[in-house]
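First the proteins, then the strands, lettered A, B, ... as listed; each starts at 1.
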Amino acid sequence: MIDLKYLQNNFEEASARLQKKGVESETLERLKTLFAELKDANAQLEAAKAEQNSMSKLFGQYKREGKDVTELKSKVDANKEAMVPLQERAREAEAALYELALAIPNFPDEDVPVGADEEDNVELRRVLEPRSFDFEPLEHWALAEKNGWIDFERGVKLAKSRFAVLRGDAARLERALINFFLDTNRQKGFEELCVPFMNNAQMLQGTGQLPKFEDDLFKIEDEDLYLIPTAEVPLTNMYHDEILPEKELPVLMTGYTPCFRKEAGSAGRDTRGMIRQHQFDKVEMVAIAHPDKSDEVFEMMVENASDILTALGLPHRVVELCTGDLGFSAARTIDLEVWLPGQNKYREISSISNTRDFQARRAKIRFKDGKKNRLVHTLNGSALAVGRTLIAIMENYQNADGSIEIPEVLKRYM
RNA sequence: AGGCAGGUGGCCGAGUGGUCGAAGGCGCACGACUGGAACUCGUGUAGGGUGAAUAGCCCUCGAGGGUUCGAAUCCCUUCCUGCCUGCCA
């Protein structure tokens, strides 16, 4: 959630920043009004409560002293009745404010390139030359069929469309990648965690998936549980409603989880192959950082993900997302896009974001700064998306006969 | 899943209708004592909202609702923990 006090006190500036992310200025006006309304309603209610509290104390005192309370009782009763509409007003003001506030995206950082959509993203650098083929490289689904690696039909039979089954060496490669990623992250100082794959609504609100993006989530029937769309949710919320000692920052965490997404807005996109599935494996990095140090941590995370791709010999490029392509919670995001020779395209394989204090405010994650409690910065990034790495290996390491080499660094995991 | 017992500050633990955001202890921080330390003594030590405020005021004793002038304390719902039974990897 954005800082409402900041919005109130620096409305023009805040409004300009959020317009870059597509938020209407009218919406922000309304938010500001609701915030003022809540403050006013609370001020009145609290004054009445203070009156009520002091009269109640008097009441007790009179009783002890054996005084007559009839007159006091009628005063206190009258005040209580007068409080009812104030209470109602405060309650409504709060509900209206939070309904709107929770749906407002994060401010982009000042230096994020302004743009409308992914066309306006900025390529920062390329790492490794794509190899040249003396034959026409195949797309991963064709290779999957030749090698018997991916059973799309049976995935659909077992579940529904956009589910697949990995078989034989593909399944082993998937497992090898997970281990390779976790080991690498651990060497960089990330603690490895194995977390629940279902989280409750409060956690999903903490990281920003709820309430706005409920349609993208698989919900468990009759339970306050959702299948996680990314390990960012459980890892970041590890410290939900906690206050960390400053010396523990940054907290670096990594974990493997499957991720579950309805892909509600993606009908018709990437229907062929395994690029976009309802379930996929991912190894995630999450950092809880001191607000003054989160930029350093961010750079480290980008570097780490890029190094992993390099170690695998996968050509990729580093792309800074423009304001229009930034996710809901992100202040800044860098995507790593891996080269897919079969598709003849760079495709997203990792996304690393600094959410600043946006998630921290929602999830109430703070640290002790001297005597005061301050919000931390939270960061997350894939290192890496496993299924897409598998695809990238297939396409980049294919031979003319359709067979696939195993990258050197993975051999000890197979 | 059923039965019983519980959920109070960083931790332990008292509190069964008012003077309780809460005794006492532990831990922690600072100060005194010391050559330095331990011990001892003193002081301080929950979170959030509003406020310029380290002032007042409001909210929070798992969560939500209710009774009452007044709720940590009574009632309802719900979540969680422990033990027993059932089930299961």
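- In this structure, F197(A) and Y256(A) have perpendicular ring planes: the angle between them is above 60°, well past the 30° mark.
- Sorted by residue number, the members of residues 56-71 of chain A with any non-hydrogen atom under 4.0 Å from RNA chain B read S56(A), F59(A), G60(A), R64(A).
- Under 4.0 Å is where a charged nitrogen must lie from a carboxylate oxygen, and between R332(A) and E320(A) at least one such pair does.
- C61(B) and C74(B) have their P atoms separated by 14 Å, given to the nearest Å.
- Residue order along RNA chain B, read from the 5' end via each residue's closest nucleotide, puts K39(A) first among K73(A) and K39(A).
- Under the 30°/60° scheme for interplanar angles, the aromatic rings of F218(A) and F260(A) are found to stand perpendicular.
- U54(B): no Watson-Crick or G-U partner with both key distances under 3.5 Å is found in any strand.
- Each of K345(A), R276(A), R162(A) was checked for a salt bridge (Lys or Arg N to Asp or Glu O under 4.0 Å) with D270(A), and the lone residue meeting it is R276(A).
- When rounded to the nearest whole Å, the span between CG of L4(A) and P of G48(B) equals 16 Å.
- Taking the charged nitrogens against the carboxylate oxygens, E303(A) and K188(A) have no contact shorter than 4.0 Å, which rules out a salt bridge.
- Of the charged side-chain nitrogens involved, none lies within less than 4.0 Å of a carboxylate oxygen, so that K364(A) and D241(A) do not count as a salt-bridged pair.
- Its glycosidic angle being more than 90° from 0, G36(B) falls on the anti side.
- Taking the six-membered ring where tryptophan is involved, the planes of F213(A) and F328(A) are perpendicular, since the angle between them exceeds 60° and thus also 30°.
- Within residues 365-372 of chain A, the residues that place at least one heavy atom under 4.0 Å from RNA chain B are, in residue-number order, R366(A), K368(A).
- Salt-bridge formation is not detected for the pair E246(A)/K368(A): no Lys NZ or Arg NE/NH1/NH2 atom is positioned less than 4.0 Å from an Asp or Glu carboxylate oxygen.
- Side-chain nitrogen and oxygen atoms of N53(A) include none within less than 4.0 Å of the OP1 or OP2 phosphate oxygen of G70(B).
- Atom CG of N373(A) is separated from atom P of U45(B) by 15 Å (rounded to the nearest Å).
- No salt bridge links K372(A) with D369(A); every basic N to acidic carboxylate O contact stays at or beyond 4.0 Å.
- When both pairing distances are held under 3.5 Å, C41(B) makes a Watson-Crick or G-U pair with G31(B).
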